[in-house]
Amino acid sequence: MEGVVMLRQLIGQLQEFVQLYGSPPPQPLPQLPLLNYARWCSSTVDDSSIDDYYSFMMATGKSASVRILDPSKPPPSKRSRKERTQGKSSGTTEPMEQRIWKDFPEDLYEAVIARLPIATFFHFRSVCRKWNSLLDSESFSQHCTEIPQANPWFYTITHENVNSGAMYDPSLKKWHHPTISSLPTKLIVLPVASAGGLVCFLDIGNRNFYVCNPLNQSFKELPARSVKVWSRIAVGMTLNGSSTSGGYKVMWVGCDGEYEVYDSLRNSWTRPGSMPSSVKLPLSLNFRSQAVTIDSTLYFMRSRPDGIVSYDMVTGVWKQFIIPTPLHLTDHTLAECGGRVMLVGLLSKNAATCVCIWELQKMTLLWKEVDRMPNIWCLEFYGKHIRMTCLGNKGLLMLSLRSRQINRLVTYNVSSKEWLKVPGCVVPHGRKRQWIACGTSFYPCLTAVA
Amino acid sequence: MFRTMSSKKMITLKSLDGQTLEVEEAVAKKSLMIKNMIEDDDVMDDDVEDDDEDHVVHLRKVTHKVLEKAMEYCKRHVDEDENKVVNENELKAWDQDFVVKTDKSTLCNLLLAAYYLNIESLLLLLSKNAFHHKTSEGKKPMEDMRILLECQQ
């Protein structure tokens, strides 16, 4: 009986897989067999302790490899003659490769592994003790920070389950469901900022901060703030240097002009000073918009007057820029790409709604429209009351567009101006598409430490 | 020797086996190692042998065949550094084709060369594909990887 249930589950998963991905991708990346392998494993291992392939691998480490490989047998499949001959031919070249890999300098071995797709790294993490210990190695850490930043990932909270996250990898177009075991389960905790591969969470009562690397479970609860602020706050985060080993700072600011900065090197909050008179109070912060970081400066969106306030984490200087907001704009948020400050929002005129992108012209301090969502996609929103949430604003934006009947997720690449649909987020063993409530983007870094 | 006014500056690369390869300076400079060697030479150019100020860069760790492959890659990718107009999909397709067409032992040596010559984008491309054939066979990927990397569990 159990076998039939498992088989049904597997068929369901395979069907969903085909729906999501359609035909196999043209590039020979290892995502196809990886996906099937992982899904088969998660359906045969004990469900009560495992939420997802990722958390399983990370929580149990080496022993995970034994549990995955032994009790579960890969589904029996007829290998085509082509596959069989391919298998044979790689067998003959193996000895040659072995010699070459053996002669590789240690440095290169680490440089190559640091550049593997993250899913592949975790897949092979239990291959040997040496690989498994890379996450703790300083030299490997150094390699990870030297790689040029690729596309960010997105850490989101779904409406249905606010206590566990759904993580999106845009390069493989895959959702992961990590369980960060250290996060408090009794409170509702939301991702509000990120820097250097670390995500900063704030509990819904605006009291406690938590910093975590979703990839390696490195976790820290920040000490209590010296100022008790119960009203809403905006949060920003920066790295001191090029990696988390140099430390990081988290900053919050409230509408009354109160603000504080946390320094990870000293593990304490400080109040660097008070808001200068050039910044008009009350500071009507746009809380739907996340802060933007460019070098060591944070930018927050404000209204009354409309514009931006910036804070330099190094010099401690606040600046205010008055920038008129485009007309008929709702649900707008700040974003950034390559040092440019952008604005994304819903433009509603008559019954037509469209997503628009603006870039800040620094010389004139005006927003200039640079792109729009393709018309054919916007048609769906005609006459409907749409709300938009920005789930990530660093170079690659993720936007959630919702109305009573609509639940769309799209990504927009600011530099390539590409709009892409995001596959629905479905929890393992689930079928229903999740509604993403909020999120933040982060640059995945295997070795970032909170 | 007579040179046309519009010719791009050429660099001569000398590989391990003594063979030479002439490439455009911009292409050669995709290798940060070569770039630094050229720029260091420029700073101390009192002792230039040729009147044409031709640079000869000695690369003692790379064979001619591998160097040719590396420069083939650099030539295809030189536009990225100069202007932003690049067809990303075409480039990706060319990259995959480049990897598939190169035999495994040359790929391994090319990986070493990309690391030694410090060509980041080539290193990234080859690293991503380094274990590909292992993961796609599906039967016992962990065991195969252990054999490949010669490590104990």
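First the proteins, then the strands, lettered A, B, ... as listed; each starts at 1.
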Between the CZ atom in A:Arg115 and the CG atom in B:Leu111, the distance rounded to the nearest 0.5 Å is 9.5 Å
Side-chain heavy atoms of B:Leu126 within contact of A:Val112, under 4.5 Å: no
Of all heavy-atom pairs linking B:Ser127 and A:Ala111, the shortest is OG-O, 4.3 Å
